[in-house]
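Worksheet: one structure, shown below.
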Protein chains: 2
Amino acid sequence: MATKTAAQQRQLAKAEFDAYLAQCPSRRLLDRVSDKWVTLIICALRDGELRFSELARQIAGVSQKMLTQTLRTLERDGLVARRVTASVPVRVDYSLTPLGSSLLGPIELMKDWAEQHMPDVDAARAEYDARG
Amino acid sequence: MATKTAAQQRQLAKAEFDAYLAQCPSRRLLDRVSDKWVTLIICALRDGELRFSELARQIAGVSQKMLTQTLRTLERDGLVARRVTASVPVRVDYSLTPLGSSLLGPIELMKDWAEQHMPDVDAARAEYDARG
DNA sequence: CAGAATCCCTTCAGATACTG
DNA sequence: CAGTATCTGAAGGGATTCTG
């Protein structure tokens, strides 16, 4: 049939909206930063270069797979620099690029909000749960 | 055996780290905000109250399930207020609480960073992909 | 209108084993 | 040391159906 069904209309609207979201700079930044390990890695690198194994130790909960994967995307996005020293065994150091460092500011501000207001969130949650 | 295996040691370290992360205010805020729909809802409510259906229309890509679910957690966390008008049919309005409004600031700053620096990220990504 | 409940599929992430 | 590759269980989220 020529006309679209309601379901097809919705599909279309969703596809368009998803495309819009994929473009939206804010959305994309959030998708980056919201990754569980991204901010931890960036904060870990705040004071300078770290080796792969040092990062793994400092971010205790991360699996080797996730650490590698996250570092790759951060490198791809130009937030983290990877420096390989061809020795035996190999040595790899990671550090923040200037672009990556510039993210420390916004992250800091989020942190400030969190420290100021998370108690309020906790209180609200407790009250909500108490009322059922 | 009495001593712990290396695997058990790692499990323990991970459990402790996860517990630490669950407490960390910054981490918890990120977990909230990082939700795909949270910021969209908060921004949609920036100019005042909206009905459920109005929200659904404005945030074109959201499913009814996700909208409901997200609104519930936002209400529970004290970021959004839910006002029910007992008419036929029922009318429900959502609005930002003062706490929710206070999140607009940090979100705005993230947005500013995104608009300033996402082109750099795109450039870095393009170069990375070009080099293979 | 606003939402609850169900089913189902895709994606994510951890554990494990192997390599230069 | 710093990865890569594969398998698998758990979780997220969409479509659909039903209700006050």
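Just so it is clear: chains get the letters A, B, ... in the order the sequence lines come, proteins before strands, and each one is counted from 1. Values reported hereafter were calculated over all heavy atoms of this structure, with side chains retained and with hydrogens, waters and symmetry mates removed. Everything numeric here is computed off the predicted structure, so don't read it as measured data.
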Would you tell me if any nitrogen or oxygen in the side chain of [X] comes within less than 4.0 Å of OP1 or OP2 on [N]?
X: R91(B); N: dA2(C); result: no
X: Y94(B); N: dC1(C); result: no
X: S53(B); N: dA2(C); result: yes
X: S63(A); N: dA15(C); result: no
X: R51(A); N: dA2(D); result: yes

Using the side-chain heavy atoms of [X], tell me which of these nucleotides is nearest: [options].
X: R72(B); options: dA2(C), dA4(C), dG14(D); answer: dA4(C)
X: V90(B); options: dC1(D), dG20(D), dA4(C); answer: dG20(D)
X: R82(B); options: dA2(C), dA4(C), dG3(D); answer: dA2(C)
X: V92(A); options: dA4(C), dG3(D), dG13(D); answer: dG3(D)

Grouping I, L, V, M, F, W and Y whenever their side-chain heavy atoms are under 4.5 Å apart, do L109(B) and I42(B) come out in a common cluster?
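Different hydrophobic clusters.
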What I want to find out is whether R125(B) reaches D129(B) closely enough, with some N-O distance under 4.0 Å, to be called a salt bridge.
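Not counted as a salt bridge, because no side-chain N and carboxylate O are separated by less than 4.0 Å.
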Along DNA chain D (nearest heavy atom to each residue), the more 5'-positioned of P89(A) and D35(B)
P89(A)
Nearest-nucleotide comparison on DNA chain D, the residue closer to the 5′ end among L71(A) and K65(A):
L71(A)
Quiz item: Q69(B) side-chain donor-acceptor pair to dG13(D) base, under 3.5 Å:
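No, the side chain and the base share no sub-3.5 Å donor-acceptor pair.
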Does a distance-only test, which skips hydrogens and angles, find a donor-acceptor pair under 3.5 Å between the side chain of Q64(B) and the base of dA4(C)?
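Under the 3.5 Å cut-off, the side chain and the base do form a donor-acceptor pair.
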Roughly, in whole Å, what's the span from [atom1] in [X] to [atom2] in [N]?
X: I41(B); N: dA2(C); atom1: CD1; atom2: P; result: 14 Å
X: L67(A); N: dG3(D); atom1: CG; atom2: C1'; result: 11 Å
X: K14(B); N: dA15(C); atom1: NZ; atom2: C1'; result: 12 Å
X: D93(B); N: dC1(C); atom1: CG; atom2: P; result: 14 Å
X: I59(B); N: dA2(C); atom1: CD1; atom2: P; result: 14 Å

Could you check M66(A) against F52(B) and say which one's nearest nucleotide on DNA chain C is further toward the 5' end?
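Its nearest nucleotide being more 5', the pick is F52(B).
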Within this structure, what is the CG-CG distance for the pair L50(A) and L55(A), rounded to the nearest 0.5 Å?
5.0 Å
Between R57(A) and E54(A), is a salt bridge (Lys or Arg N to Asp or Glu O under 4.0 Å) present by the stated rule, with each step listed?
CA-CA 5 Å; R57(A) 209 170 314 122; E54(A) 291 173 327; 5.7 Å; no
L29(B) vs L103(B) side-chain heavy atoms within contact, under 4.5 Å:
yes
